[in-house]
Amino acid sequence: MKKIFFLGECMLELRAIDESTLNQSFAGDVYNSAVYLKRCFNSINSAIVTALGTDAISQKMRHCFVQEQLGTQLVFAHSDKVPGVYYIETDDQGERSFTYWRNDSAARKVIDFYNPTVIDELASGDMLFFSGISLAVIEPDTRAIFWQSIHTLKAAGVKVVFDPNYRARLWQSVEETKQQYALAFQCADITLPGVEDLHALYGVDSVEDVLAHLSDYDINEVVIKNGPESVLTMVDGQLQRHTITPVDNVVDTTSAGDAFNGVYLGARLSGLPVCEAVSKAAKAAAVVIQQPGAITAKAVFNQAMAD
Ligand code: ADP
């Protein structure tokens with residue numbers, strides 16, 4: 001059975017339904033990817049690496065991981081931290097704004113749980129995925145241990161996958177981000193950047209610019225996303241442009257890239273060629289942006305993918 005680990009943070013998502021009612025769910029970039037991978041490729045072991053607390057919300061979140069059939073062997077319980085929370089508000093024009101409470105979340109402590117047994121379990125995987133958000137969330141004083149573990153895992157044959165997913169407010173400075181991203185690009189076997197994310201950091205404006213920027217690094221599989229525009233891939237030295245059919249009725253673009261990443265990686269782990277992997281990933285992303293929230297209801301998602 002193929003196995004992929006997704007390292008990062010899942011949060012409690014609160015969404016206003018009306019003046020006095022909040023809808024509660026769980027979301028976070030790596031978690032979203034793990035869910036969509038599992039839904040499309042049930043035979044792959046899709047596992048989360050994170051820290052929760054011992055509180056009621058943490059228990060519900062862990063239960064939700066299990067419901068989605070995700071591996072939880074590396075979901076740790078911190079004795080005195082709790083999960084992060086975010087609140088989504090939509091104004092009269094349909095514009096969304098996000099408020100976060102995540103500065104002291106349990107997930108920031110995940111690297112504190114690393115030990116030789118944890119590294120052995122990670123080394124048993126085929127891939128380890130982390131994002132720019134994962135990098136921003138782990139505490140700066142645990143980064144050295146994180147990077148050391150990445151090198152150990154690469155030596156053990158684990159493929160390292162990185163999506164830059166840049167969130168400025170999670171970083172102290174652009175310099176700090178660039179320094180961490182350079183380390184990530186140096187060790188990545190696969191990267192799945194979006195043009196918008198890298199524009200903010202490196203001034204790139206197109207998929208071609210992103211590819212040129214990444215040519216400084218030795219990354220075997222580069223998959224560049226650009227919203228409804230075409231996806232560019234460079235895999236084993238072969239360049240391909242993949243046409244995306246724009247969705248007319250976009251409801252909520254949250255987790256488009258996450259769904260794309262999860263389904264793309266599931267397809268590649270299943271041995272599908274790049275063009276089929278992109279096509280399936282783009283279909284999943286298109287389904288997700290026609291529904292509200294990061295995680296589309298399972299029945300709705302599965303039905304749309306089967307159509
Ligand atoms: P991110 O969420 O990482 O910023 P993008 O916005 O680039 O990612 O979108 C990821 C993928 O979602 C795209 O490559 C595409 O397949 C799909 N997608 C995004 N927006 C649209 C759209 N308007 N119509 C169709 N597909 C879209």
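Start at 1 and go down the list; that is how both ligands and their atoms are numbered. As the structure is a prediction and not an experimental result, all values here were calculated from the model. In what follows, residues are counted from 1 in the order of the sequence shown.
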Exercise. Does R268 come within less than 4.0 Å of E221, counting only side-chain N to carboxylate O?
Worked result: yes

Exercise. Side chain, backbone, both or neither: which part of I289 comes within less than 4.0 Å of ligand 1 when only heavy atoms are counted?
Worked result: side chain

For this session: Mark the output for P246 as yes if a heavy-atom distance to ligand 1 is under 4.0 Å, and as no if none is.
Result: yes

Exercise. Which of the numbered atoms in ligand 1 are below 4.0 angstrom from a heavy atom of K225?
Worked result: 3 (O), 7 (O), 14 (O)

For this session: Report yes or no: does D126 contribute a side-chain atom to a donor-acceptor pair with the main-chain N or O of I4 at less than 3.5 Å?
Result: no

For this session: Considering only non-hydrogen protein atoms, determine which one is nearest to atom 24 (N) of ligand 1 and report residue, atom name and distance to 0.1 Å.
Result: V247 N, 2.9 Å

Exercise. Within a strict 4.5 Å, meaning less than it, do heavy atoms of the D205 and V195 side chains meet?
Worked result: no

Problem set entry | I244 contact mode with ligand 1 (heavy-atom cut-off under 4.0 Å) | side chain

Exercise. So do the side chains of Y114 and L74 get within less than 4.5 Å of each other, counting heavy atoms only?
Worked result: no

Exercise. Would you call E229 and R241 a salt bridge, using N to O less than 4.0 angstrom?
Worked result: no

Exercise. Any chance the rings of Y36 and F260 have centres within less than 6.0 Å?
Worked result: no

Exercise. So which of G227, A281, A285, P164 gets nearest to atom 6 (O) of ligand 1, if we judge by its closest heavy atom?
Worked result: G227

Problem set entry | Protein heavy atom at shortest distance from atom 4 (O) of ligand 1 | D197 OD2, 4.6 Å

Exercise. What do you think, any protein heavy atom under 4.0 angstrom from atom 12 (O) of ligand 1?
Worked result: yes

Exercise. Considering only heavy atoms of A282, which atoms of ligand 1 have at least one such atom less than 4.0 Å away?
Worked result: 16 (O)

Exercise. Starting from atom 23 (N) of ligand 1, which protein heavy atom do you reach first, and at what distance in Å?
Worked result: P228 CB, 3.6 Å

Exercise. If you round to the nearest 0.5 Å, how far is OH of Y86 from CD of E13?
Worked result: 3.5 Å

Problem set entry | Contact with ligand 1 for G194, non-hydrogen, under 4.0 angstrom | no

For this session: Kindly say whether the aromatic ring centers of F162 and F185 come within a distance under 6.0 Å.
Result: yes

Exercise. Between S149 and T152, is any side-chain donor less than 3.5 angstrom from a side-chain acceptor?
Worked result: no

Exercise. Between D163 and K225, is there a side-chain N and carboxylate O pair less than 4.0 Å apart?
Worked result: yes

For this session: Indicate, as side chain, backbone, both or neither, the part of D163 found under 4.0 angstrom from ligand 1 when only non-hydrogen atoms are considered.
Result: neither

For this session: If you have a sec, work out which protein heavy atom is nearest atom 2 (O) of ligand 1 and how many Å separate them, to one decimal?
Result: G257 N, 3.0 Å

For this session: Run the numbers for me: atoms of ligand 1, each under 4.0 Å from some heavy atom of N226, listed by number.
Result: 7 (O)

Exercise. Does any N or O in the side chain of E176 come within less than 3.5 Å of the main-chain N or O of Q172, such that one atom is a donor and the other an acceptor?
Worked result: yes

Exercise. Is ligand 1 less than 4.0 angstrom away from at least one heavy atom of T245?
Worked result: yes

For this session: Enumerate the atoms of ligand 1 whose separation from the nearest heavy atom of V231 is less than 4.0 angstrom.
Result: 14 (O)

For this session: Say whether V250 and ligand 1 are in contact under the criterion: heavy-atom distance to a ligand atom below 4.0 Å.
Result: yes

